[in-house]
Amino acid sequence: HTVEPNDQNLRIGARRRPQLAARNAILGAVGAGAGWPRRFATLLTLATWLWLFSRAWAADPEPTRAAVLDTPGRAKGVAVAGKYAYVADGGAGLQIIDVSLPSSPRRVAGLDTSGEAVAVAIAGQHAYVADNAGGLVIVDVSDPTAPEQAGSFTAAGPVGSVFVEANRAYIGVGPVEVFPFFGVRLLILDVTNPRSPQRLGLGESGWYWVTDIVVAGSYAYITGLGFSGSGLEVFEITDPAMPRRLGDYHWPNFPGDPWQ
């Protein structure tokens with residue numbers, strides 16, 4: 001099942017399997033050959049694959065919505081661990097939902113935060129909440145029915161994204177002022193002791209708002225919004241005290257883009 005926030009609620013649906021992507025690729029390839037002999041061979045091959053995949057399609061229906069749970073605030077982000085979904089619920093803080101029965105999700109607890117919860121990550125027995133102006137809030141969820149704030153970190157600007165791995169938290173810190181846009185950073189914290197997170201290093205970002213962070217190996221991948229569009233930045237984080245920006249890729253604004 002997939003679990004995703006949808007502004008004011010949490011939606012749970014059946015997961016789309018890879019066969020659907022394969023089906024679309026196969027169908028899109030019809031007619032790609034140059035000339036009828038090659039095209040006939042292509043069609044014959046695709047017909048064979050379509051027959052094979054049809055066996056999987058019969059048991060692979062389109063995703064359907066299994067359930068919706070209205071949350072107290074405005075659902076902005078979600079992380080799932082075990083049988084619980086942890087929802088960053090805007091002004092309502094962190095909400096914890098029992099999803100052991102996906103067709104009947106049940107709220108079991110919540111913890112209000114001082115800011116606006118916009119993203120959340122789970123590591124071990126703690127939830128790390130990007131709380132916008134409230135900084136990074138670390139919540140002890142060893143008992144999901146009774147969450148308690150364990151610690152926090154106040155950044156120089158609003159915290160809008162978070163990723164946690166190997167006792168390190170990577171957070172996207174936005175500008176203090178709406179205009180001019182400046183001071184956007186990737187901030188790396190040592191969260192070995194969740195009650196007292198310590199700053200390790202920071203890297204200057206070219207965005208005016210970081211939307212997401214993923215770390216893989218020695219690199220941090222950051223998506224964000226810029227003056228001329230949106231895109232991806234890559235940082236080398238071998239030395240967490242000195243994250244090094246390697247490069248970026250920008251997508252231009254599209255028609256109707258509210259950030260254009």
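Residue indices begin at 1 and follow the sequence shown. Predicted model only: the values in this text are computed from it and were never measured.
In terms of modelled atom types and a separation under 3.5 Å, the side chain of D239 and the main chain of A241 share a donor-acceptor contact. Using modelled atom types, no side-chain atom of N132 and backbone atom of G115 make a donor-acceptor pair closer than 3.5 Å. One N or O on the side chain of D131 and one on the backbone of A117 form a donor-acceptor pair closer than 3.5 Å.
The side-chain heavy atoms of L186 and I222, taken from C-beta on, include a pair separated by under 4.5 Å. Side-chain contact between I97 and L69: present, with at least one pair of heavy atoms (C-beta onward) separated by less than 4.5 Å. The closest side-chain heavy-atom distance from P197 to L136 is not below 4.5 Å. Taking 4.5 Å as the limit, every side-chain heavy atom of F235 sits out of range of all side-chain heavy atoms of L246. Taking 4.5 Å as the limit, every side-chain heavy atom of Y170 sits out of range of all side-chain heavy atoms of V162. Residues L94 and Y86 meet the side-chain proximity criterion, which asks for heavy atoms closer than 4.5 Å. In this structure, H126 and D140 have side chains that are in contact, with non-hydrogen atoms separated by less than 4.5 Å. Between I138 and F153 the shortest side-chain heavy-atom distance does not fall below 4.5 Å.
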Name the atoms and distances for all side-chain donor-acceptor pairs under 3.5 Å in residues 105-112, with sequence neighbours left out.
from, atom 1, to, atom 2, distance (Å)
R106, NH2, D98, OD2, 3.2
R107, NE, Q95, OE1, 2.5
R107, NH2, Q95, OE1, 3.2

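Contacts of T238 classified as side-chain contact (heavy atoms from CB on, under 4.5 Å), with partners at least two apart in sequence or in another chain: S218, E236. With sequence neighbours excluded, the residues that form a side-chain contact (heavy atoms from CB on, under 4.5 Å) with D143 are T145, A146. Partners of S104 under the side-chain contact (heavy atoms from CB on, under 4.5 Å) rule, at least two apart in sequence or in another chain, are L101. The side-chain hydrogen bond (donor to acceptor under 3.5 Å, both in side chains) check on T211 picks up T223, with sequence neighbours excluded. Listed by chain and residue number, nothing satisfies the side-chain hydrogen bond (donor to acceptor under 3.5 Å, both in side chains) test with S161 (two or more places apart in sequence, or in another chain).
With respect to E204 and R245, no salt bridge is recorded, no charged nitrogen being found less than 4.0 Å from a carboxylate O.
The minimum heavy-atom distance between V173 and G157, with the atom names listed, is CG1-N, 3.5 Å. Scanning all heavy atoms of the two residues, the minimum distance from G134 to S114 falls at CA-OG, 3.8 Å.
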Quiz item: What do the steps show when you test E116 against K76 for side-chain contact (heavy atoms from CB on, under 4.5 Å), and what is the final call?
Solution: CA-CA 9 Å; E116 179 189 11; K76 301 291 187 181; 3.8 Å; yes
